[in-house]
Amino acid sequence: MAAAAAGGERQHGGERADQDSAAGRSGHAGKVQREARDSEAALVMRGMLGVTPEHGFGKASAIGGVAAVIFGLFGKRPDRMAPVNALLGRIVAASREPALYLEGRVPDDFEGRFEALTLHAFLVLRRLRELPEPAAGVAQDLVDASFSYLELGFRQGGVGDVSVPKRMKKIGRSFYGRIGAYEEAFASDEPGALAAALGRNVSPQADAETLARHAHAVAAHLATLDLDGILTADPIFPKFESSLTK
């Protein structure tokens with residue numbers, strides 16, 4: 001699995017990462033990209049957070065109390081980061097829901113779990129960018145925490161310090177590429193734009209239309225929450241439903 005993590009991308013997405021990244025130069029994704037550039041070097045050098053491999057990239061499973069189990073406090077900002085870490089814990093839990101993998105047919109491997117995590121993180125970031133300050137600061141903290149979490153997955157998988165920065169750079173391109181592609185799809189007038197983007201990025205085998213319906217349902221729910229609601233609501237995401245569960 002560590003070998004699969006090294007590229008941070010599925011075979012069908014290797015050349016697409018840079019193209020998708022270009023798509024994120026405007027709108028919410030572009031702003032996130034610009035703000036993250038200065039912090040990229042610091043992100044890839046962050047230390048261990050004390051999680052175990054099964055918490056980071058184990059098989060999909062329902063997880064309770066993820067934030068309490070997984071995340072410590074980052075840097076010297078415990079008061080600021082504690083609610084962000086808890087929010088990331090809820091995002092991770094949502095991205096690990098078994099229905100995504102069983103009924104949504106997201107591959108239950110590193111790449112599939114990365115795609116599920118990125119989609120749910122994108123939906124929260126998108127809503128945070130719509131809210132007034134200090135929501136933008138929270139969004140940047142969430143990006144930082146997400147990258148630290150992904151970096152830790154590499155380290156716990158046995159990737160050495162010398163190789164981590166290069167692999168995190170590839171993960172970064174994939175992450176921002178997905179955000180750009182999904183932002184563009186949400187802004188499109190084409191009804192199937194998001195499903196098409198999900199099909200390209202997640203996997204050809206995934207039920208892209210069901211995933212798109214889920215993403216739109218999540219976005220509609222998040223639109224009802226202010227910043228306090230996003231930081232405290234639990235669960236923050238509607239339950240995943242496919243045609244099999246309706």
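Side chains included, hydrogens not; waters and symmetry mates left out as well; all remaining heavy atoms used.
Taking CZ of R126 as the start and OH of Y182 as the end, the distance is 14.0 Å to the nearest 0.5 Å. Going from atom CD of E103 over to atom CD of E97 covers 10.5 Å, rounded to the nearest 0.5 Å. Separation of atoms CG (D141) and CE (M81) is listed at 5.0 Å; rounding is to 0.5 Å. Note that CD of E209 is 11.0 Å distant from CG of L194, once rounded to the nearest 0.5 Å. With rounding to the nearest 0.5 angstrom, the CG atom of L222 is 9.5 Å from the CG atom of L131. Rounding to the nearest 0.5 Å places CZ of R127 at 8.0 Å from OG1 of T224.
Between L128 and A139, the shortest heavy-atom distance links the atoms CD1-CA, 3.7 Å. Across all non-hydrogen atoms, the minimal contact from Y101 to D108 is CD2-CA, 3.8 Å. Taking each heavy atom of P238 and A217 in turn, the nearest pair found is CG-O, 3.9 Å. Closest non-hydrogen pair, L211 versus A206, comes out as CD1-CB, 4.0 Å. Nearest heavy-atom pair across T210 and F240 is CG2-CZ, 3.5 Å. In terms of heavy atoms, A181 sits closest to A197 at O-CB, 4.3 Å.
The main-chain N or O of A233 is found under 3.5 Å from a side-chain atom of R90 such that the two form a donor-acceptor pair. Proximity of a side-chain donor or acceptor of S146 to a complementary backbone N or O of L142 within less than 3.5 Å is detected.
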> Under the side chain to side chain contact (heavy atoms under 4.5 Å, CB included) criterion, do S95 and L119 qualify, and how do the steps go?
Replying inline: CA-CA 8 Å; S95 72; L119 174 61; over 6 Å; no
> What's the verdict on side chain to side chain contact (heavy atoms under 4.5 Å, CB included) for I236 and L225, showing C-alpha distance, side-chain angles and the deciding distance?
Replying inline: CA-CA 9 Å; I236 193 174; L225 301 178; 4.1 Å; yes
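Looking only at side-chain heavy atoms (C-beta outward), L150 and L117 come within less than 4.5 Å of each other. Here the side chains of Q205 and P107 are in contact, with some heavy-atom distance below 4.5 Å.
H120 and H214 have tilted rings, their planes meeting at an angle from 30° to 60° on a 0 to 90° scale.
Taking the ring axis of F122 as reference, the NZ or CZ atom of R178 does not stay both within 45° of it and closer than 6.0 Å to the ring centre.
Aromatic ring centroids of F147 and Y176 lie under 6.0 Å apart.
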